[in-house]
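The structure appears right after this line, and notes come after that.
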Amino acid sequence: MEFERVLQCALDVVDIRSALRRDPTGRAARRLRDLALEATEEIASAAADEYRDYLAARETRDAREAAEGGLWPVLAVLTPVVAAVAAAVLLLIGYGARLVEVAAGFATSVVTAGWVLALTAALTACVGLWALLRTALRQREGQREGTSDGRREPAGGTDVDRARERWRQALLERGLLPYLRSHLVADA
């Protein structure tokens with residue numbers, strides 16, 4: 001998909017576009033596009049170093065994001081759910097024991113534990129909602145600043161964005177443009 005975007009940019013370069021306009025049927029443009037798509041590997045090899053740098057930057061970003069996530073998101077989701085279920089079970093057992101008047105001390109302890117877990121569920125749910133709201137606001141600010149995924153990045157963009165742009169530029173200048181120009185000359 002990226003290759004096709006860069007190919008479209010190459011086909012829009014002035015000298016190539018001018019040469020393709022000489023064919024009123026538009027077949028030359030389609031043929032040149034098809035030839036370039038068939039030779040994707042050959043053309044892309046001209047920018048192989050930049051592509052490796054781009055992949056390395058993406059892997060670094062993905063590893064960093066995975067490390068940042070860690071255990072906290074899991075705990076934020078599971079803690080309120082588990083605490084609420086445990087609270088419901090303990091309250092049922094405790095109030096049930098009180099109802100049948102069996103082991104009053106045990107029933108009181110179980111009811112107290114149930115209410116503590118209910119409070120824990122409520123507090124952790126509030127903390128989780130606060131974190132979710134904070135993340136949503138941060139992403140909204142990031143989108144206003146121009147990043148597509150909502151993360152705050154330096155003014156020059158992310159390392160991944162810069163590496164991708166270097167790869168696209170190398171693919172255009174050293175791969176696609178020479179290939180397209182050589183095939184335009186061969187057709188003439």
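These figures come from a predicted structure and were not determined experimentally.
A salt bridge does not link D159 to R61: none of the charged nitrogens lies less than 4.0 Å from a carboxylate oxygen. Taking a cutoff of 4.0 Å between a charged side-chain nitrogen and a carboxylate oxygen, R31 and D34 do not qualify as a salt bridge.
The two residues L180 and A10 come nearest to each other via the heavy atoms CD1-CB, 3.6 Å. Minimum interatomic distance between V81 and V77 (heavy atoms only, all atoms of both residues): CG2-O, 3.5 Å. The shortest heavy-atom contact between P178 and G175 is CD-O, 3.6 Å. Nearest heavy atoms, L171 versus A44: CD1-CA, 3.8 Å. The shortest heavy-atom contact between A107 and V102 is CB-O, 4.4 Å. Heavy-atom minimum distance, P80 versus A125: CG-N, 3.8 Å.
For the atom pair CG of L119 and CH2 of W115, the computed distance is 10.0 Å after rounding to the nearest 0.5 Å. Taking CG of D23 as the start and CZ of R30 as the end, the distance is 8.5 Å to the nearest 0.5 Å. Between atom CD1 of residue I43 and atom CD of residue E41 there is a gap of 11.0 Å, rounded to the nearest 0.5 Å. Atoms CD and OH, from E59 and Y54 in turn, are 11.5 Å apart once rounded to the nearest 0.5 Å. In this structure, L32 CG and L7 CG are separated by 8.0 Å, a value rounded to the nearest 0.5 Å. To the nearest 0.5 Å, the span separating CG on L176 from CZ on R181 amounts to 10.5 Å.
When side chains are defined from C-beta on, V6 does not count as touching Q169, because their heavy atoms never get closer than 4.5 Å. Counting heavy atoms from C-beta outward, L117 and L91 have side chains that stay 4.5 Å or more apart. Within the 4.5 Å cutoff, no side-chain heavy atoms of L133 are placed close to those of L129.
In the hydrophobic clustering of this structure, V160 groups with L55; members are Ile, Leu, Val, Met, Phe, Trp, Tyr whose side-chain heavy atoms approach within less than 4.5 Å, directly or through other members. No path of Ile, Leu, Val, Met, Phe, Trp and Tyr side chains, each step under 4.5 Å between heavy atoms, connects V110 with V82, placing them in separate hydrophobic clusters. Both L177 and L37 sit in one connected hydrophobic cluster of ILVMFWY residues. Membership requires side-chain heavy atoms under 4.5 Å apart, directly or through other members.
Note: Y51 and W167 have tilted aromatic rings, judged against thresholds of 30 and 60 degrees for the angle between ring planes.
Of the possible donor and acceptor atoms, one in the side chain of S45 sits under 3.5 Å from a partner among the backbone N and O of E42. Looking at D53, its side chain never comes within 3.5 Å of a backbone N or O of A163 through a donor-acceptor pair. The main-chain N or O of D12 is found under 3.5 Å from a side-chain atom of R17 such that the two form a donor-acceptor pair. Y179 places no side-chain N or O within donor-acceptor distance of the main-chain N or O of R174, the cut-off being under 3.5 Å.
Atom CZ of R134 is surrounded by more than 12 heavy atoms from other residues, nucleotides or ligands within 6.0 Å.
By the side-chain hydrogen bond (donor to acceptor under 3.5 Å, both in side chains) test, R168 pairs with E2, sequence neighbours left out.
Side chains of Q8 and E4: no donor on one and acceptor on the other come within 3.5 Å. At a cut-off of 3.5 Å, with distance as the only test, a side-chain donor of D161 or T158 sits close to an acceptor on the other residue.
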For this session: Start with the C-alpha gap between V111 and L90, add the side-chain angles, then the distance that decides, and say whether side chain to side chain contact (heavy atoms under 4.5 Å, CB included) holds.
Result: CA-CA 6 Å; V111 168; L90 289 177; over 6 Å; no

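Within the cation-pi definition used here (under 6.0 Å to the ring centroid, within 45° of the axis), R5 does not qualify as a partner of F3.
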